[in-house]
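Residue numbers start at 1 and run along the sequence shown. Both backbone and side-chain heavy atoms feed into the values below; hydrogens, waters and symmetry mates do not.
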Amino acid sequence: KMTARRKAMELGRDIAVGGTLCTVGDGAAQYAFTDTFDGRRLGAMTSYGSWSAVVYHYWYAFLARRLPPSAYMQKAALDCFVVTPGFEIPALMTWTGILGRGQTLDEAFVQLRRDFPTALAVDVAMWGPASLVMFRYVPLRFQVPYMYGFGACWDFIMSAIAFDK
């Protein structure tokens with residue numbers, strides 16, 4: 001049984017990994033696609049990665065409690081076709097729109113509607129296989145770091161989509 005201290009340390013690690021790898025993904029996207037550095041944009045991506053890691057920390061623990069290890073295909077389907085389009089894409093696009101681009105909520109929603117199909121296509125192509133591998137082979141305590149490691153690529157692409165003029 002895991003101690004409260006160890007649970008807190010794992011959550012803290014997940015938050016640090018989420019924020020750091022979103023920083024890396026956005027920094028790489030800025031380097032690749034823009035001529036200037038945008039600290040506000042980087043801050044929006046970093047803060048998003050930090051707080052969303054909390055959501056994923058508890059989401060993966062919930063899946064581990066509710067579904068057996070052999071249900072990795074169901075877990076991957078829930079992650080890819082429910083959580084990412086229902087939470088990840090809207091949360092990331094809205095958060096970065098408001099904090100990173102200074103949009104109003106309505107403007108962020110307009111961009112979300114415009115960019116959602118592209119983001120969903122990237123989601124299915126990237127997260128489907130990554131989720132299958134994770135839920136099949138990666139122990140629960142390493143699932144958030146695994147997904148954020150893989151997620152640096154996702155953040156690179158989503159940052160480019162979210163901040164593309």
Side-chain angles (χ1 to χ4, degrees), residues 1-32 37-67 69 72 75-103 105 108 112 115 119-120 122-123 126-163:
K1 188 148 177 148
M2 192 181 308
T3 66
R5 184 172 190 274
R6 181 163 171 197
K7 285 180 184 179
M9 288 179 62
E10 285 187 9
L11 177 59
R13 178 210 56 209
D14 290 347
I15 292 167
V17 167
T20 299
L21 291 176
C22 279
T23 302
V24 169
D26 180 64
Q30 286 196 50
Y31 181 77
F37 173 76
D38 184 344
R40 180 178 183 170
R41 169 183 166 166
L42 188 72
M45 288 297 292
T46 300
S47 61
Y48 176 78
S50 296
W51 76 260
S52 65
V54 175
V55 173
Y56 286 110
H57 177 88
Y58 289 107
W59 169 244
Y60 295 148
F62 171 80
L63 289 178
R65 283 191 315 274
R66 296 290 182 184
L67 296 170
Y72 62 93
K75 292 176 186 179
L78 286 169
D79 208 42
C80 191
F81 297 111
V82 176
V83 172
T84 301
F87 163 72
E88 175 72 18
I89 295 169
L92 181 128
M93 299 293 277
T94 304
W95 184 267
T96 58
I98 293 168
L99 295 180
R101 286 182 301 282
Q103 294 175 330
L105 185 59
L112 172 62
D115 293 340
L120 185 59
V122 172
D123 162 55
M126 287 183 65
W127 289 116
S131 293
L132 281 171
V133 169
M134 180 185 75
F135 289 120
R136 177 69 176 100
Y137 299 108
V138 178
L140 175 62
R141 68 186 185 137
F142 297 119
Q143 287 180 356
V144 171
Y146 166 85
M147 286 307 269
Y148 273 95
F150 191 83
C153 297
W154 164 258
D155 295 328
F156 175 84
I157 293 166
M158 286 304 296
S159 179
I161 291 170
F163 288 97

Only distances under 3.5 Å count here; give the side-chain donor-acceptor pairs of residues 16-27 to other protein atoms, sequence neighbours excluded, each with its distance to 0.1 Å.
residue	atom	partner	partner atom	Å
T20	OG1	A16	O	2.7
T23	OG1	G19	O	2.7
T23	OG1	T46	OG1	2.5
D26	OD1	R41	NE	2.7
D26	OD1	R41	NH2	3.3
D26	OD1	S159	OG	2.2
D26	OD2	Q30	NE2	2.7

Would you tabulate the side-chain donor-acceptor contacts of residues 144-153 under 3.5 Å, counting partners in other chains and residues two or more places apart, or write 'none'?
residue	atom	partner	partner atom	Å
Y146	OH	A130	O	3.2
Y148	OH	S52	OG	2.6
Y148	OH	A53	N	3.2

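Nearest heavy atom pair, residue I98 against residue R40, reads O-NH2, 3.6 Å. Taking each heavy atom of C80 and G128 in turn, the nearest pair found is SG-N, 3.7 Å. In this structure, A44 and S47 approach most closely via the heavy-atom pair O-OG, 3.1 Å.
Counting only residues at least two apart or on different chains, the side-chain hydrogen bond (donor to acceptor under 3.5 Å, both in side chains) pairs with a member in residues 129-145 are D79-S131.
Between Y31 and F37, the gap from one ring centroid to the other reaches at least 6.0 Å.
Within the 3.5 Å criterion, the main-chain N or O of A91 finds no donor-acceptor partner in the side chain of T94. Between the side chain of W127 and the backbone N or O of T84, no donor-acceptor pair lies under 3.5 Å.
Side-chain contact between M134 and Y60 is present, with at least one heavy-atom pair separated by less than 4.5 Å.
Between F87 and W51, the ring planes lie perpendicular to each other; the angle is over 60°, past the 30° to 60° tilted range.
Residues forming a side chain to side chain donor-acceptor pair (under 3.5 Å) with R6 (at least two apart in sequence, or on another chain): E10. With sequence neighbours excluded, the residues forming a side chain to side chain contact (heavy atoms under 4.5 Å, CB included) with L11 are I15, V54, H57, Y58, listed by chain and number. Partners of E88 according to the salt bridge (Lys or Arg N to Asp or Glu O under 4.0 Å) rule, which considers only residues two or more places apart in sequence or in another chain, do not exist here. The side chain to side chain contact (heavy atoms under 4.5 Å, CB included) check on L78 picks up W59, L63, L67, V82, with sequence neighbours excluded. Partners of P85 under the side chain to side chain contact (heavy atoms under 4.5 Å, CB included) rule, at least two apart in sequence or in another chain, are F116, L120, D123.
Rounding to the nearest 0.5 Å places CG of L132 at 12.0 Å from NZ of K75. Note that CE of M93 and OH of Y48 are 11.0 Å apart. Values are rounded to the nearest 0.5 Å.
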